Amino acid sequence: MEVKKEKIEFFQDKILEWYEENGRHFPWRNKSATNYEKIISEVLLQRTRAETVANFFPKFIKKYPSWKKLGEATKEELQETLKPTGLYKQRGTRLYKLAQEMKERKGRFPVKRDRVEEMPMMGQYNANAYELFILKKPSPLLDVNMARVLERFFGERKLADIRYDPYLQELSQEVVENPQSKEINWGILDFGSLVCEAKSPLCEKCLLSEQCIYFDKLSK
DNA sequence: CTCCAGGTAG
DNA sequence: CTACCCGGAG
């Protein structure tokens, strides 16, 4: 499925416009956020609502402000701390592994994307986030949220799993290919959470509806 | 009840 | 490729 360039530009413009007015604010989006904080936020955000993480994040950073401090925690201690966020056993075990790996690496996180993806807890999504936020390179935060927005507007994927769908992979990359890649990414996630909701999207107040496939189907 | 800024074992 | 993790918010 070939998507027209003009449609992508329309989408980018509208999302950026919407984001300026309605974008959400989170601790890990602050300019002052350290690389450690950025990486930890992505770990906590896995399969967990951003608002939930926003409540929890400051407490976690206060308790474990650095890789060094995190490396001193036991696996059980991390699991206990992570309980309010859900997925705490898995996440605790994996975060422990990541912290220990960082200890061995003397606190140095890998630089190249491929190496990042080899780290514990760092999958495709997190490697993209790393590229976007730390290497400052356009890269899509393609989660269920972004996938839903893109599919409704541009057309549905073929494969069940986002992570193996070449159509969504390529489309998302094109969409965030822009000098303001970070803002477009955040814009899409916020837009997906606040307007293009999973259950009942607010199509009446959506500034994308004139070119949206999902909306077009609705009005038939 | 469903859904959530995914990773990974099998 | 799927199935599973999990508490919490809506």
Side-chain angles (χ1 to χ4, degrees), chain A residues 15 19 22-30 33 35 37-57 59-61 75-76 78-101 110 113-134 138-152 157-169 172-173 175-176 181-202:
Chain A
I15 285 291
Y19 176 74
N22 310 286
R24 297 181 293 181
H25 298 280
F26 294 119
W28 52 89
R29 288 188 184 179
N30 289 344
N35 284 356
E37 289 169 351
K38 288 174 186 171
I39 292 165
I40 291 299
S41 73
E42 299 303 338
V43 164
L44 296 177
L45 284 162
Q46 286 170 18
R47 214 51 204 163
T48 312
R49 285 176 190 277
E51 285 74 9
T52 306
V53 177
N55 289 329
F56 179 79
F57 187 76
K59 285 180 259 180
F60 188 92
I61 293 300
K75 186 174 74 179
E76 291 71 21
L78 288 179
Q79 288 178 333
E80 185 61 30
T81 307
L82 289 170
K83 248 181 189 169
T85 69
L87 304 172
Y88 67 93
K89 281 189 186 170
Q90 262 195 11
R91 189 153 24 198
T93 305
R94 290 172 185 175
L95 186 56
Y96 176 75
K97 279 180 69 181
L98 177 59
Q100 295 308 306
E101 179 68 24
R113 186 226 155 88
D114 292 348
R115 293 286 166 269
V116 170
E117 213 165 341
E118 290 168 3
M119 294 289 280
M121 287 209 92
M122 295 293 127
Q124 184 190 75
Y125 176 93
N126 269 348
N128 282 359
Y130 174 83
E131 276 192 325
L132 179 65
F133 298 125
I134 297 179
S139 196
L141 301 175
L142 181 56
D143 66 332
V144 286
N145 223 348
M146 181 181 289
R148 182 180 63 252
V149 176
L150 294 182
E151 285 187 273
R152 280 183 179 154
R157 73 185 120 166
K158 295 166 185 74
L159 298 182
D161 197 317
I162 297 165
R163 293 160 288 189
Y164 299 107
D165 189 303
Y167 159 71
L168 274 181
Q169 297 292 338
S172 62
Q173 184 63 246
V175 165
V176 304
S181 188
K182 200 164 68 176
E183 287 74 17
I184 292 183
N185 269 289
W186 283 339
I188 296 173
L189 296 187
D190 293 353
F191 182 79
S193 173
L194 300 175
V195 180
C196 197
E197 299 175 21
K199 285 182 183 174
S200 44
L202 311 174

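Bear in mind the structure is a predicted one, so any value in this text is a computation, not a measurement. Lettering of chains follows the sequences in order, A, B, ..., and the numbering in each one begins at 1.
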Could you tell me how far [M] sits from [N] if I compare only their [atom1] atoms? Round to whole Å.
N: B:dC4; M: C:dC5; atom1: C1'; value: 13 Å
N: B:dG10; M: C:dC6; atom1: P; value: 15 Å
N: B:dT2; M: C:dC4; atom1: P; value: 15 Å

Test salt bridge (charged side-chain N to carboxylate O under 4.0 Å, His left out) applied to A:Arg157 - qualifying residues, sequence neighbours left out: A:Glu151
For A:Asp165, all residues meeting salt bridge (charged side-chain N to carboxylate O under 4.0 Å, His left out), sequence neighbours excluded: none
Contacts of type side-chain hydrogen bond (donor to acceptor under 3.5 Å, both in side chains), residue A:Asn145, not counting sequence neighbours: A:Arg148
Results of side-chain hydrogen bond (donor to acceptor under 3.5 Å, both in side chains) for A:Arg113 - residues two or more places apart only: A:Glu117, A:Asn128, A:Glu131
Between [X] ([atom1]) and [N] ([atom2]), how many Å, whole number?
X: A:Glu131; N: B:dA5; atom1: CD; atom2: C1'; value: 16 Å
X: A:Phe57; N: B:dC4; atom1: CZ; atom2: P; value: 22 Å
X: A:Ile162; N: C:dA3; atom1: CD1; atom2: C1'; value: 16 Å
X: A:Asp165; N: B:dG6; atom1: CG; atom2: C1'; value: 16 Å
X: A:Ile40; N: B:dG6; atom1: CD1; atom2: C1'; value: 15 Å
X: A:Leu95; N: B:dT8; atom1: CG; atom2: P; value: 12 Å
X: A:Asn185; N: B:dA5; atom1: CG; atom2: C1'; value: 10 Å
X: A:Leu132; N: B:dA5; atom1: CG; atom2: C1'; value: 12 Å

What is the nucleic acid contact for [X], judged by heavy atoms within less than 4.0 Å: base, sugar-phosphate only, or nothing?
X: A:Asn126; value: sugar-phosphate
X: A:Leu141; value: nothing
X: A:Val53; value: nothing

Nearest heavy-atom neighbours spanning A:Met121 and A:Arg91: CE-CG, 4.0 Å
Contacts of A:Tyr125 that satisfy ring pair (Phe, Tyr, Trp, His ring centres under 6.0 Å) - sequence neighbours left out: none
Given B:dC4, B:dA5, C:dT2, the nucleotide with the shortest approach to the side chain of A:Arg148: B:dC4
Nucleotide-resolved protein contact map, nucleotides 4-10 of chain C, B/S/- at heavy-atom distance under 4.0 Å: -BBSB-B
Earlier contact from the 5' end, DNA chain B, for A:Asp161 and A:Ser41: A:Ser41
Any A:Arg29 side-chain N or O less than 4.0 Å from OP1/OP2 of B:dA5: no
A:Phe60 and A:Phe56 aromatic ring geometry - parallel, tilted or perpendicular at 30°/60° bounds: tilted
